[in-house]
Amino acid sequence: QVQLVESGGGLVQAGGSLRLSCTASGRTFSRYTMGWFRQAPGKEREFVAGISWSGRTTTYADSVKGRSTISRDNAKNTVYLQMNSLKPEDTAVYYCAADLFGTRLDNKGEYDYWGQGTQVTVSS
């Protein structure tokens, strides 16, 4: 079992930045591909960014590419999502997810463990 706890959400003005963090329990974090997803009211949960268990591969949704960076620190069991140039359409609950040795970073169906989410609100 892996427990994931997100933090770092909040209210920010358009054009601002936030760094989300997700800390995992357990001693096998380095074996997990990690992803960030988001869900806005009335919409499906969608992929935002993913990083492979090795850290060698990252991928981003087109909507955040160039504005966001995903990274991981295995010593801290933590994955980060740095988001810059935020837009009102980035407003959503952001979830992190874990997939043991996962290879399909952008497929939410592949992920086995999910956090409770952190709210990001971008005002115009």
Side-chain angles (χ1 to χ4, degrees):
Q1 284 284 346
V2 175
Q3 292 184 319
L4 304 172
V5 179
E6 301 97 336
S7 61
L11 174 64
V12 63
Q13 288 189 329
S17 299
L18 281 175
R19 188 176 80 156
L20 306 183
S21 301
C22 172
T23 301
S25 63
R27 295 179 290 179
T28 59
F29 178 74
S30 61
R31 301 177 187 178
Y32 285 85
T33 286
M34 301 299 295
W36 284 98
F37 294 78
R38 67 187 182 186
Q39 188 167 17
K43 294 189 175 181
E44 295 273 331
R45 191 171 297 188
E46 65 177 7
F47 170 75
V48 177
I51 185 166
S52 63
W53 60 271
S54 67
R56 287 195 288 265
T57 302
T58 58
T59 189
Y60 299 89
D62 288 343
S63 58
V64 303
K65 198 173 294 183
R67 300 189 294 122
S68 298
T69 303
I70 188 170
S71 60
R72 65 189 299 156
D73 184 339
N74 289 344
K76 295 182 178 180
N77 278 17
T78 300
V79 63
Y80 303 97
L81 181 67
Q82 176 69 43
M83 299 189 295
N84 302 319
S85 301
L86 283 161
K87 305 174 182 180
E89 51 264 44
D90 293 317
T91 295
V93 178
Y94 283 71
Y95 299 89
C96 74
D99 179 21
L100 183 65
F101 293 127
T103 57
R104 299 179 64 183
L105 278 63
D106 60 349
N107 188 331
K108 65 184 176 186
E110 297 287 313
Y111 288 85
D112 302 306
Y113 302 100
W114 293 82
Q116 293 298 305
T118 185
Q119 176 71 47
V120 171
T121 303
V122 184
S123 63
S124 57

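Remember, predicted model here, so these are calculated numbers, not experimental data.
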Linking Ile, Leu, Val, Met, Phe, Trp and Tyr through side-chain heavy atoms less than 4.5 Å apart, which residues share a cluster with L11? none
So which residues get pulled into V5's cluster when ILVMFWY side chains under 4.5 Å apart are joined, directly or through others? none
Among L81, L20, L18, T58, which one satisfies side-chain contact (heavy atoms from CB on, under 4.5 Å) with S68? L81
Y32 and side-chain contact (heavy atoms from CB on, under 4.5 Å): which partner among I51, N74, L100? L100
Taking all heavy atoms of [X] and all of [Y], pick out the closest pair and write down the distance.
X    : Y   : result
L4   : M34 : CD2-CE, 4.0 Å
Y94  : V48 : CE2-CG2, 4.2 Å
Y60  : T69 : OH-CA, 3.4 Å
Q119 : T91 : NE2-CG2, 4.0 Å
G102 : W53 : O-CD1, 4.0 Å
G55  : R72 : CA-CD, 4.2 Å

Okay, side chain of [X], backbone of [Y]: is any donor-acceptor separation there less than 3.5 Å?
X    : Y    : answer
D106 : G50  : no
E6   : G117 : yes
Y95  : G35  : no
N77  : A24  : yes
S124 : P88  : no

Are [X] and [Y] connected in the hydrophobic side-chain network, where two residues link if heavy atoms are under 4.5 Å apart?
X    : Y    : answer
V93  : W114 : yes
V120 : F47  : no
F101 : Y111 : no

Q1 vs Y113, test: side chain to side chain contact (heavy atoms under 4.5 Å, CB included). Steps then yes/no. CA-CA 8 Å; Q1 284 284 346; Y113 302 100; 3.5 Å; yes
Within 6.0 Å of CD in Q39, more than 12 heavy atoms from elsewhere: yes
A quick test of your reading: do over 12 heavy atoms of other residues, nucleotides or ligands sit less than 6.0 Å from CD of E89? yes
Carboxylate-amine/guanidinium contact R38 D90, below 4.0 Å: yes
Does the pair K65/D62 count as a salt bridge with the N-to-O cut at 4.0 Å? yes
Are a donor atom and an acceptor atom from the side chains of T33 and S52 found within less than 3.5 Å of each other? no
Provide the full list of disulfide (SG to SG under 2.5 Å) pairs with a residue in residues 68-122, sequence neighbours left out, each pair given once. C22-C96
Give the C-alpha distance, both sets of side-chain angles, the deciding distance and a yes or no for side-chain hydrogen bond (donor to acceptor under 3.5 Å, both in side chains) between S17 and N84. CA-CA 4 Å; S17 299; N84 302 319; 2.9 Å; yes
Measure from NZ or CZ of R45 to the centre of the six-membered ring of F37, then state whether that distance is under 6.0 Å and the direction lies within 45° of the axis. no
